[in-house]
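Shown next, in structure tokens, is the structure this report addresses.
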Amino acid sequence: MEELQLAEQCRLGNNVARRELYERYAGRMLALCMRYTGNREEAEDLLHDGFLKLFSSFGKFAWRGEGSLRAWMERVMVNVALEHLRRNDVLSQSAALDDMPLEAYDEPEPDACDTIPVQVLMRFIGELPAGYRTVFNLYVMEGKSHKEIAALLGINEKSSASQLARAKAALAEKVKGWMKTNG
């Protein structure tokens, strides 16, 4: 089924189309949820909640060309993940970092990062503290500005920027460690 037809059939409540949608996109959406939770079990719960939200929200979907269905689904899943993090107060655990000094770090060579398997990099991201991981995902993966992140998470822009810097520093250390033992 083509993407437009699939979206229309899901909007109409066609369970065959819903199953196809799930089978086509569940892997990608699970990976997205894991980026935010760092935990497969929690990510699977979010995936389930996200698909329920998607199926009940197809009336809000507007076709904008090929790829717009996936983009809409990703946006809904990110919102479900952020809602979960806010509801469980996970973000406040690392939001009060404004007063902590930020240590300088050496970024690994960009070419060196190309040798690290994607699964390893995703594991490193998943191991970040929740606040760092969330800001990193929103900034790097979703392309949000610090102003947008601050509004989404209910933190100030300075907290967003400091959490991103700390996330990058932590990832740089993990990458350097991996390079020493594997590179």
Side-chain angles (χ1 to χ4, degrees), residues 25-40 42-47 49-50 53-54 64 67-179:
Y25 294 105
R28 177 182 290 277
M29 297 303 133
L30 179 61
L32 187 148
C33 292
M34 285 191 59
R35 279 198 341 245
Y36 283 90
T37 64
N39 173 312
R40 185 172 183 93
E42 215 174 335
E44 288 172 349
D45 288 345
L46 290 179
L47 178 71
D49 294 349
K53 178 106 171 160
L54 285 166
R64 293 192 173 100
S68 62
L69 176 60
R70 190 183 88 199
W72 176 73
M73 291 175 66
E74 288 174 352
R75 192 169 58 251
V76 169
M77 286 290 177
V78 166
N79 288 335
V80 167
L82 292 176
E83 185 179 307
H84 166 77
L85 293 172
R86 279 191 295 269
R87 187 175 52 246
N88 291 299
D89 206 24
V90 173
L91 299 172
S92 68
Q93 296 170 11
S94 53
L97 297 172
D98 296 337
D99 301 326
M100 293 177 64
L102 180 61
E103 298 152 10
Y105 67 96
D106 296 325
E107 287 190 21
E109 294 296 319
D111 292 343
C113 293
D114 292 341
T115 64
I116 300 176
V118 172
Q119 305 93 304
V120 173
L121 289 173
M122 295 310 289
R123 188 183 80 229
F124 290 164
I125 293 169
E127 292 170 351
L128 291 171
Y132 295 3
R133 183 177 56 243
T134 303
V135 170
F136 181 84
N137 281 317
L138 289 170
Y139 189 86
V140 174
M141 307 293 203
E142 310 297 335
K144 303 281 186 200
S145 69
H146 288 299
K147 184 176 186 171
E148 291 170 312
I149 294 168
L152 281 169
L153 302 181
I155 61 176
N156 66 47
E157 289 180 52
K158 185 177 175 187
S159 289
S160 176
S162 68
Q163 288 189 37
L164 177 63
R166 285 178 176 78
K168 286 181 175 181
L171 288 173
E173 287 304 311
K174 289 176 181 285
V175 166
K176 285 193 298 187
W178 190 90
M179 293 301 294

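Note that the structure is predicted; figures quoted are calculated from it, not measured.
Looking at Arg166 and Leu128, their side chains never come closer than 4.5 Å, going by heavy atoms from C-beta outward. The closest side-chain heavy-atom distance from Leu164 to Leu138 is not below 4.5 Å. Considering only heavy atoms from C-beta on, Ile149 stays 4.5 Å or farther from Glu157 through its side chain. Put simply, the side chain of Met179 does not reach to within 4.5 Å of the side chain of Lys176, judged on heavy atoms. Under the 4.5 Å side-chain criterion, counting only non-hydrogen atoms from C-beta, Leu46 is not in contact with Tyr36.
Residues passing the side-chain contact (heavy atoms from CB on, under 4.5 Å) test with Ala43, sequence neighbours excluded: Leu30, Cys33, Met34, Thr37. Evaluation of the side-chain contact (heavy atoms from CB on, under 4.5 Å) rule for Lys174 yields Phe124, Glu127 as partners, not counting sequence neighbours. Scored by the side-chain contact (heavy atoms from CB on, under 4.5 Å) test, Arg70 finds Tyr25, Arg28, Met29, Glu74 as partners (sequence neighbours excluded). Partners of Tyr139 under the ring-ring contact (aromatic ring centres under 6.0 Å, His included) rule, at least two apart in sequence or in another chain, are His146.
For the atom pair OG1 of Thr134 and CG of Leu153, the computed distance is 6.5 Å after rounding to the nearest 0.5 Å. The CZ atom of Phe136 sits 12.5 Å away from atom OG of Ser160, with the distance rounded to the nearest 0.5 Å.
For the pair Glu83 and Arg86, the salt-bridge criterion is not met [side-chain N within less than 4.0 Å of a carboxylate O].
In plain terms, the two heavy atoms of Ile125 and Leu171 that are nearest each other are N-CD2, 3.9 Å. The minimum heavy-atom distance linking Gln163 with Ile155 is given by the pair NE2-CD1, 4.5 Å. Summarising the geometry of Asn39 relative to Glu42, their closest heavy-atom pair is OD1-N, 2.9 Å, with the distance given to 0.1 Å.
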Inset, instruction - Begin with the C-alpha distance, continue with both residues' side-chain angles, and end with the deciding distance and a verdict on side chain to side chain contact (heavy atoms under 4.5 Å, CB included) for Val80 and His84. - result: CA-CA 6 Å; Val80 167; His84 166 77; 5.7 Å; no
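Within the structure, every pair that satisfies the salt bridge (Lys or Arg N to Asp or Glu O under 4.0 Å) test and touches residues 142-156, not counting sequence neighbours, is listed here: Arg35-Glu142.
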